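Taking it in order: structure first as structure tokens, then the write-up.
Since the structure is predicted, the reported quantities are computational estimates derived from the model, not experimental observations.
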Amino acid sequence: MKDVKKIVSEPIFFERNRVYRIYLGGKQYSKIFNNSDHYDDGTDNFFPEEWIASKVKAINPKYFGERDGVSVVKGTKLFLDDLLKDYPNEMLGNRKYDCLVKFLDSAIRLPFQVHPTKQFSRENFNSEYGKTEAWLVVETSYRH
């Protein structure tokens with residue numbers, strides 16, 4: 001394995017990170033990604049989301065790996081959340097990483113979700129959880 005100090009000082013690439021969900025999708029990934037990792041069989045399934053540069057563990061009714069949802073550095077067993085915790089200066093100059101990028105391919109119509117900001121959550125729910133969310137819709141065709 002590459003030296004960790006070298007990994008955290010260069011651009012990082014991640015393994016594919018399909019995440020289990022309760023809705024069907026994922027068929028279109030076979031048109032986009034190289035299927036050398038056998039993730040994409042050209043059918044819709046319960047892995048409709050690809051999480052990119054994620055330090056977040058998916059919350060699911062069942063799990064399929066050690067830390068579903070957390071990105072793993074390509075060709076290693078290093079998790080992004082561990083690197084951010086253990087090498088904060090090398091990774092981000094001691095800044096906080098609070099971003100989760102999801103690539104969704106849904107085979108069904110999805111409702112919009114609205115999440116409270118952290119400030120709203122603190123003031124109204126006595127919670128530190130909240131998030132800002134943005135969507136970029138690439139295609140709107142609906143398939144059954």
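- Between the side chain of Asn124 and the backbone N or O of Ser121 there is no donor-acceptor pair closer than 3.5 Å.
- For Glu123, there are no salt bridge (Lys or Arg N to Asp or Glu O under 4.0 Å) partners two or more places apart in sequence or in a different chain.
- In this structure Lys85 satisfies the salt bridge (Lys or Arg N to Asp or Glu O under 4.0 Å) test with no other residue, sequence neighbours excluded.
- A continuous path of hydrophobic side-chain contacts links Tyr97 to Ile7 [ILVMFWY only; heavy atoms under 4.5 Å].
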Task: Check against side-chain contact (heavy atoms from CB on, under 4.5 Å), Lys102 and Ile52 - done: CA-CA 6 Å; Lys102 296 180 184 182; Ile52 303 163; over 6 Å; no

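- Side-chain atoms of Phe46 and Tyr23, non-hydrogen and from C-beta on, never get closer than 4.5 Å to each other.
- No side-chain heavy atom of Val70 sits less than 4.5 Å from a side-chain heavy atom of Val56.
- Tyr20 places no side-chain N or O within 3.5 Å of a backbone atom of Pro48 that could act as its donor or acceptor partner.
- With hydrogens and angles disregarded, no donor-acceptor distance shorter than 3.5 Å links the side chain of Glu128 to the backbone of Arg122.
- With Phe79 as the aromatic partner, Arg67 meets the cation-pi criteria of under 6.0 angstrom to the ring centre and within 45 degrees of the ring axis.
- Ring to ring, Tyr29 and Phe47 are not that close: their centroids are 6.0 angstrom or more apart.
- A side chain to side chain donor-acceptor pair (under 3.5 Å) check over residues 53-65, counting only residues at least two apart or in different chains, returns the pairs Arg21-Asn60.
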